[in-house]
Amino acid sequence: MRLPISTEKVRHCRQLAASIAQEVEAEISPLSTVSVERSLLRLVGIEGANQENVPLVNCFIDHIARQRALEDGALYWLGNAILATGESPQSIGERVGAGSLDLVRLPRQPRPAIEKLCRGIVQDTLATLLGKRQQRRKMEENLPRTPPPWLYVIVATGNIYDDIEQAKAAAEKGADAVAVIRSTAQSLLDYVPEGITTEGFGGTFATGANYRLMRGALDEASRQSNRYVRQVNYCSGLCMAEIAALGVLEGLDILVNDALYGILFRDLNMIRTMVDQHFSRYLLGLFDTIIVTGEDNLIKTIDAFEEYPIVLVSQFINEQLAKNAGMREERIGLGHAAELDPALEDSFLWELVQAQLVRQLFPRSPVKFMPPTRYKSGNIFFAHVLDTLFNLVSVWTEQAIVLLGMPTEAIHTPYVQDRYLSLESALHVRRAAGALGRELRFQPNGQGAARARQLLAKTEESLTRIAEEGLWNSLSSGAFSAIRRTRHGGRGYDGVFRKGQFYLNPFLDREVVRRARRGEEA
Amino acid sequence: MRLPISTEKVRHCRQLAASIAQEVEAEISPLSTVSVERSLLRLVGIEGANQENVPLVNCFIDHIARQRALEDGALYWLGNAILATGESPQSIGERVGAGSLDLVRLPRQPRPAIEKLCRGIVQDTLATLLGKRQQRRKMEENLPRTPPPWLYVIVATGNIYDDIEQAKAAAEKGADAVAVIRSTAQSLLDYVPEGITTEGFGGTFATGANYRLMRGALDEASRQSNRYVRQVNYCSGLCMAEIAALGVLEGLDILVNDALYGILFRDLNMIRTMVDQHFSRYLLGLFDTIIVTGEDNLIKTIDAFEEYPIVLVSQFINEQLAKNAGMREERIGLGHAAELDPALEDSFLWELVQAQLVRQLFPRSPVKFMPPTRYKSGNIFFAHVLDTLFNLVSVWTEQAIVLLGMPTEAIHTPYVQDRYLSLESALHVRRAAGALGRELRFQPNGQGAARARQLLAKTEESLTRIAEEGLWNSLSSGAFSAIRRTRHGGRGYDGVFRKGQFYLNPFLDREVVRRARRGEEA
Amino acid sequence: MTEPQSSIRPYGDRLNDGAVQLSFSLPMSLSARSREAAKSIAGRLGLDRIRLISALDLGNGFSYYILYGTTAVEIDGQAIHLTDVERPLLDFWRINHLLEFELKKRVTVVGATIGTDAHTVGLDAILNAKGFGGESGLERYPQFRVVNLGAQVPPEEVLEITREEPVDVLLISQVVTQRNAHLENLTLLAEMLEAEGTRQDLLLICGGPYIDSQVALEVGFDAAFGPGTTPLAVASLIVEELLRKTR
Amino acid sequence: MTEPQSSIRPYGDRLNDGAVQLSFSLPMSLSARSREAAKSIAGRLGLDRIRLISALDLGNGFSYYILYGTTAVEIDGQAIHLTDVERPLLDFWRINHLLEFELKKRVTVVGATIGTDAHTVGLDAILNAKGFGGESGLERYPQFRVVNLGAQVPPEEVLEITREEPVDVLLISQVVTQRNAHLENLTLLAEMLEAEGTRQDLLLICGGPYIDSQVALEVGFDAAFGPGTTPLAVASLIVEELLRKTR
Ligand code: B12
Ligand code: B12
Ligand SMILES: Cc1ncc(COP(=O)(O)O)c(C=O)c1O
Ligand SMILES: Cc1ncc(COP(=O)(O)O)c(C=O)c1O
């Protein structure tokens, strides 16, 4: 089923993307953000909230920020406090939250001592977490595999307990991955809500407690249906790094992770979310967790046929950004979507070509294919037709992860029966059409091949332009879905800071990681 | 999209089928049947029924049969009566129907005179009917063409007026052909009901009057939607020849015509229905009308994967029988169906291969593809999934005529919305996937190609066996769908007779036909 | 999901939301008026929070509507009364055992699809040795003697058989139900047997995908089976009923 | 089809057969009991000749039912009262003409998707020059001055604008309606304007695919538009309403 495309052009696209990513790196590496720092505190074990229900990690960061001490970073001040008080991170966090401890007024300890302490704490943390992660991988490997693609469904009741009931039903009926849709616009919150939640708009809040409940339910479901069921959630947003940390702590398998989504569709500040993204991806890479990106969003509001290349552009850039953050291709799930107008002639052929092209450009990536949404109407029968054809393209082109379309896409977040009907269709297509990729070939000189070459050429063009302008300027000039965002505009810029002289983050320290992996004594 | 198959084997299959058909011909050519004779009377203009509502043509045939005068055939006695009484065929028919005229007691006229008269009548009849047919073809050619395949839907309210309303709606929404399903088991009636009917079981009676009403409605619809909408009905059954005649008289475009269906699924006598079929096909060929055959039925009750070759066997035989009756390949719509069990691995691939194989074996035939039915359940959403995949195979393999599956197949004959939803799906697939046949190729050494070769080999085998046994014996030995029928068993054998010395049927006379075509004076 | 026992309501996205989906066509061309008509029909069916989410023109003055809404209807889990009871199934051996040693006879079962109905697959699924859904059919049971008359059998013919043979069970299939064709056939047969005076001598059982068991009993049948019936279910019922009769 | 005027009933296969299709899930695992439950719910909704034609196990104690039945409900064609009236549409030129020469002013239209709702496509379809369904948006009308605030606009911000600018019309979009998020937003905005005392100075219009016009009017809006709205429909209403106000 391979499309005849120039490997030369592909290599060039990668080079361009690499240089674009390089520039971003250079700019963000001296920076950190409040949410990166909060994620560090969560990793070393600070959890819970104070009386006013403000998360302790927020109290901690606000506390040092208020005193202009943020630049040295969370771990410096935590380490200092531990040495000064001999207390545990948690109790220090609690006292800061209660306002009964002023970190900055504590006697300053020597930087080397603090660093030594923190490296030790971090190494132990890493060791335990890596151990947990390994057990989970074992569990996955010991369960029988299902044929690709993984069938990914969402639950979105707003109530974690209802989510769990529906997730279990979906798992029982063949779902390979279940995502809990977040309460609308959680990405705009600069904190992660605490505890178990049963109220949300169009989704359920991402919280550590909710993650834990769902994880337990899905592990039970995995055992029952003798098939590993993956837990998915969203970390793009102002708390990208922090939610990534929660994902690691709670054992999630897949995290939706894309700064571009935040910038374009949530008006987040580009620098803030790029810094957050970098660390979140570093962390997820460390724990060999899959990320999936949000290119599907890019063609939801523009002409999806003419402007399709923007999807490929974003994928090339996302691939490089993730690799620079230390991820391996096998964990970088690049996103794309089947959003062509059904009124378009030959739309099925074009979707087939686009899906195959993505597969071919990123052969190692667990690409995530998104279903038709924007052209769905309240006609649930026709929506089912569109999704069936989408399922066929997914199976045929051997996509890795497929988010199933819903017959009621244009009406409400899925009802329990909608999810079943979608799984039923996808399971049938997976069983009926699994061999197509092997059995069929494209006419080397057909329209399909021509379309593929043209898409690649246009992608090369825009990447060239972006490489010249730089990513920041391109985002300001509307290169992405005709949306314009300014470098310092958007939410969350005030949460960005330049790392100071005492700043430290041993999680980034190769040596610490190596020793943790080896399980050496701290 | 061509499958690599041995043209040698294909040629051999045709030879075998030809010899099978030959033997049948030899046996049936000296025979005629009551329904063939009634069809002749209808063609020369006898219509209506008597007081007891018995069709005049039946009165006529029963009348001469009762007097052991059937062997000379209807036209001999009609010609004799015209010469003797100087009356018109219709008034003679009416008097016979009223019992006020005894055809056999009329003074016998010289055979040559009768023959001359009848040839003249038939030539004039043919001339007018051919003229009408030409006008219809003109109408069709003057309207814009729709891309293949033709979308064929059924109406089955039992009430011709309701049928018409729904047929118009279907035509307006994209149907290219509309069939009125017959009242259950009309094929068992040895007469054609008279007049307009509004009561029927699972369908509406096929009558001349109903045909006329529907024809008018569809012609109107054709003009309104600026697209020619074809009228379809069923002639298999005890009145095969007669209904073919009605089809010609009333301007139908397509007739479902298959003796095998009657033999196997209606327990009709094989000789009777083969004789009827031969003349019906001769007639339809004369008027360049499309027939479609019923191979779909063959795999509705047996393992459709293992036994699929029986479909190809029947197609090869039907092709030869129709050609021997004077039809050209472009009018012989051979039937096949997508009836594989959805639980079967790779079912989509197998359906694709089977559909493509049929297309390739009979490139000139307007093959008619039938949708999944037997594995449909009351789950209308999953049924819609199956039909969407069926539509894709149809378009992809460039079938000529496609009967659309209904989401409610397992529940009731189609409601008005069911038909719309099916058309909606088919129209979308036709628009979205029209190029697939051109854009894709089979792996020459894949499983698909292997399956095709295997099917052809098995077909050759069974054709060889049938050629040895002869068709009659094969039908008795259960070669077709494991159903056994005996040569003289089944309904309608008593309606078969050997043509006597005075027998005449100028419709079969090349010369008469030639002159009618040329429009020469009778 | 832990099942609510007392009050059961439709579930869309959360317990007791009462969500239902409804669709129907109207003999009206699509317009603001027809949309209102559709909504008020849903209203008259007692739905609340009605959302007309699709209104389609079907052509020639027809239109189709898909609606979602909620219903306050709730039913009492305990109060549900079963028409087609889920009988405890016996197994192949048990059945033959009971027939041979308790009923002490080989049972003659005659099957037919009556009227002009040509559907045989359903009846064959019950009778043919091959069986259905992995279960072997009645022919496989040594203790059953099966006579399968096939399809399109006129009721008269069925009656004939009961005269000629010692029939214990009649299995009648009806698949075509348009315009209640099946009811006419079933009623006729039952009446004929009554008239003949042989009705009590045999078990009269029917089946088919669209058979309403209540109605079937009303027109005089002993039992009726619906879609998905398995040979075992039929065999089990036969044995029980025959044994009951002998007591 | 010649439309029946007085009594209108659902049409499946023939006039007045009253055929409807219904489906819903139950928080019960699939069983004979759950099937009965489904049927009796359909019965309680007033359906007759109920056929439960599909009963599916959804896993984890859920099940789904598809039913067909008939309803006796019939509604009087004359008596249908329209909520969203089909207003006679004006055309581009007429609208600009009326604004320039009758209303004698350039109208300022401010649009926003409020709350955390990030959906802009709907509002843009009405406002952007590009427009929707082949019609150009309000920006194309010389006599409209359009300010599009985009999405995720807090009601406060909308209020700000009304203070700073001579706003004639507010166009508010709400797409996310889960848990009635949209109603909270709409109500809040309307109340703020009342409190501000500027409510009467402007036209307050909302729209979105799931907006129930009746409810929108109740919470204090002048008009509401649903799915498939075209710019022309909105422009026409604006002109009429503004002219009505001046009289
Ligand atoms: C196969 C088939 C045919 C074949 C039949 C071949 C044959 N030898 O049986 C052919 C092609 C001949 C055919 C023809 C027609 N058919 Co047909 N056919 C079907 C089809 C696709 C499948 C039926 C089937 O085999 N089901 C599989 C069996 C195993 O299931 P079942 O019948 O429900 O039987 C089970 C239970 O019901 C029960 N059971 C059934 N009988 C009995 C009896 C007893 C005693 C017991 C205990 C249990 C029992 O046990 C069985 C096993 O679980 C259905 C559509 C569908 N998908 O259901 C249409 C369908 C049944 N046919 C239909 C019609 C209308 C016709 C025609 C009349 C159409 C026409 N006017 O031309 C023709 C004419 C035939 C006639 N006069 O009856 C309609 C019936 C509509 C209705 N509700 O009345 C259907 C539903 C299609 C449709 N939507 O229009 N058909
Ligand atoms: C595109 C889209 C998105 C895009 C939006 C991009 C953008 N810039 O708008 C993205 C990817 C960002 C998105 C995100 C989400 N979405 Co969204 N999205 C859609 C989708 C696929 C299409 C919507 C659309 O563009 N329709 C096309 C426009 C032209 O139609 P329209 O909005 O109805 O507008 C017309 C009329 O309503 C009217 N109109 C609309 N507004 C106004 C205003 C006025 C004044 C007037 C006069 C008229 C008017 O005129 C317009 C033209 O006719 C729908 C599903 C669907 N197919 O409808 C889901 C959908 C709307 N989204 C949904 C949800 C829940 C979300 C999320 C909240 C999910 C989550 N929790 O992550 C997120 C978060 C975003 C947020 N906080 O709002 C749900 C809403 C469910 C509900 N009933 O509440 C839907 C229905 C999908 C689903 N089934 O879950 N989404
Ligand atoms: C890439 C990505 N991240 C996150 C989200 C969820 O975002 P929010 O919390 O803003 O609804 C989405 C939803 O579409 C997404 O596509
Ligand atoms: C080939 C063929 N002829 C005729 C018919 C209609 O036959 P009947 O009148 O027996 O229902 C069918 C219906 O399936 C058919 O397939």
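With sequence neighbours excluded, no residue forms a salt bridge (Lys or Arg N to Asp or Glu O under 4.0 Å) with B:Glu351.
Shown here for B:Ile411 and D:Ile53, the closest heavy-atom pair between the two residues is CD1-CD1, 3.3 Å.
Proximity to chain D is absent for every atom of B:Ala169, based on heavy atoms less than 4.5 angstrom apart. For a residue to count as touching a neighbouring chain, one of its non-hydrogen atoms must lie under 4.5 Å from one of that chain's; by this rule B:Ile380 touches chain D with backbone and side chain alike.
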Between chain B and chain D, which N or O donor and acceptor atoms come closer than 3.5 Å?
from     : atom 1 : to      : atom 2 : distance (Å)
B:Thr157 : O      : D:Arg14 : NH2    : 2.7
B:Glu165 : OE1    : D:Met1  : N      : 2.8
B:Gln166 : NE2    : D:Tyr11 : OH     : 3.2
B:Gln166 : NE2    : D:Asp13 : O      : 3.0
B:Gln166 : NE2    : D:Asp13 : OD1    : 3.2
B:Val416 : N      : D:Gly12 : O      : 3.1

